[in-house]
Amino acid sequence: MRETGREPVRERVAEAGAPFGVAEVTGVSMVPTLLHGDRLFVHYGGRLRPGCVAVLRHPLQQDLLIVKRLVERRDGGWWVLGDNPDAEGDSRVFGAVPPELVLGRVRARYRPVTPGRQRSPGVTLSWLFSALRPVGSSRSVRSASRRLRAR
């Protein structure tokens, strides 16, 4: 499930028609926002707007789920980018993503505890502080999109 330049996602809980689910991130295309191993709380059918992080089906390989930031609506669908500028595998490669392939909006991410590892109280406190975070919109998305079109 790991491929360079893509941010594949493994669904953990998502039954047909369920409004919420949990997915696991594999890969680095959304670093620093999302890290490999992060779990995502996904709102299926949630309201989408530019700047949101979303789970979608890869347009060229629809059995592969990916997570990307929605940049803007264009003819043919959503223009999506990863937050890691060095990673490939977003709309710069496959173009706009049809709206029916965008499955849901990522509302939060959490970092799981590694079982069996001893942690100092400071490390545990640091993990508790950073383990659960909402995943919001990015204000810089529009300017990144303009730079891409200007090239």
Side-chain angles (χ1 to χ4, degrees), residues 1-115 127-151:
M1 189 148 226
R2 255 185 237 173
E3 291 190 38
T4 305
R6 294 184 187 165
E7 192 71 17
V9 182
R10 283 186 237 141
E11 281 186 292
R12 294 285 184 175
V13 179
E15 298 176 20
F20 295 98
V22 177
E24 179 183 350
V25 175
T26 59
V28 296
S29 74
M30 287 298 290
V31 168
T33 306
L34 303 173
L35 303 178
H36 178 80
D38 282 354
R39 304 307 196 277
L40 306 176
F41 185 65
V42 183
H43 181 191
Y44 293 99
R47 183 178 171 191
L48 302 171
R49 61 178 186 246
C52 294
V53 175
V55 172
L56 49 133
R57 293 193 184 284
H58 193 287
L60 305 177
Q61 187 180 348
Q62 293 184 14
D63 60 336
L64 177 67
L65 297 180
I66 58 176
V67 60
K68 300 290 177 197
R69 189 170 301 278
L70 304 177
V71 177
E72 65 185 9
R73 294 291 304 247
R74 292 189 177 181
D75 290 337
W78 283 100
W79 190 261
V80 300
L81 295 174
D83 286 357
N84 182 348
D86 296 327
E88 297 176 352
D90 51 29
S91 288
R92 296 172 291 180
V93 173
F94 49 71
V97 177
E100 62 271 11
L101 297 182
V102 180
L103 303 178
R105 181 176 175 178
V106 175
R107 296 292 184 171
R109 67 103 176 120
Y110 64 97
R111 298 198 167 119
V113 175
T114 308
W127 174 84
L128 285 171
F129 180 72
S130 69
L132 179 64
R133 289 264 168 100
V135 176
S137 299
S138 170
R139 299 276 179 205
S140 64
V141 170
R142 284 225 185 278
S143 62
S145 175
R146 285 190 192 109
R147 282 193 307 268
L148 288 171
R149 281 186 273 152
R151 290 183 182 165

Original post:
Hey, mind stepping through V22 and L40 against side-chain contact (heavy atoms from CB on, under 4.5 Å) and telling me if it holds?
Top reply: CA-CA 5 Å; V22 177; L40 306 176; over 6 Å; no

Subject >> Worked verdict on L48 versus V102 for side-chain contact (heavy atoms from CB on, under 4.5 Å) >> reply: CA-CA 9 Å; L48 302 171; V102 180; 3.3 Å; yes

Subject >> NZ/NE/NH1/NH2 to OD/OE distance under 4.0 Å, K68 and D90 >> reply: no

Subject >> Distance in Å, L103 CG paired with I66 CD1, rounded so as to fall on 0.5 Å steps >> reply: 10.0 Å

Original post:
Where do V80 and V71 land on the side-chain contact (heavy atoms from CB on, under 4.5 Å) test, with the steps shown first?
Top reply: CA-CA 5 Å; V80 300; V71 177; 5.8 Å; no

Subject >> F20 ring center within less than 6.0 Å of Y44 ring center >> reply: no

**OP:** Measure the shortest side-chain to side-chain distance between W78 and P98 over non-hydrogen atoms and say whether it is less than 4.5 angstrom.
**Re:** no

Original post:
Measuring from S91:OG to R69:CZ, what's the distance to the nearest 0.5 Å?
Top reply: 13.5 Å

**OP:** Check step by step if side-chain hydrogen bond (donor to acceptor under 3.5 Å, both in side chains) holds for H43 and R105.
**Re:** CA-CA 5 Å; H43 181 191; R105 181 176 175 178; over 6 Å; no

Original post:
What is the distance from atom CG of L70 to atom CG of L81, rounded to the nearest 0.5 Å?
Top reply: 10.0 Å

**OP:** Would you check if there is a donor-acceptor pair between the side chains of D83 and T33 at a distance under 3.5 Å?
**Re:** yes

Subject >> Any residue meeting side-chain contact (heavy atoms from CB on, under 4.5 Å) with Q62, in chain and number order, not counting sequence neighbours >> reply: R57, L101

Subject >> Sequence-distant partners of P99, side-chain contact (heavy atoms from CB on, under 4.5 Å), two or more places apart >> reply: R73

Subject >> Inter-residue atom distance R39.CZ - Y110.OH, 0.5 Å rounding >> reply: 6.0 Å

Original post:
Roughly how far, to the nearest 0.5 Å, is CE of M30 from CZ of R109?
Top reply: 12.0 Å

**OP:** Could you pull out the closest heavy-atom pair between W79 and R74, with the gap in Å?
**Re:** CE3-NH1, 3.2 Å

**OP:** To the nearest 0.5 angstrom, please state how far the NE2 atom of H36 sits from the OG atom of S29.
**Re:** 12.5 Å

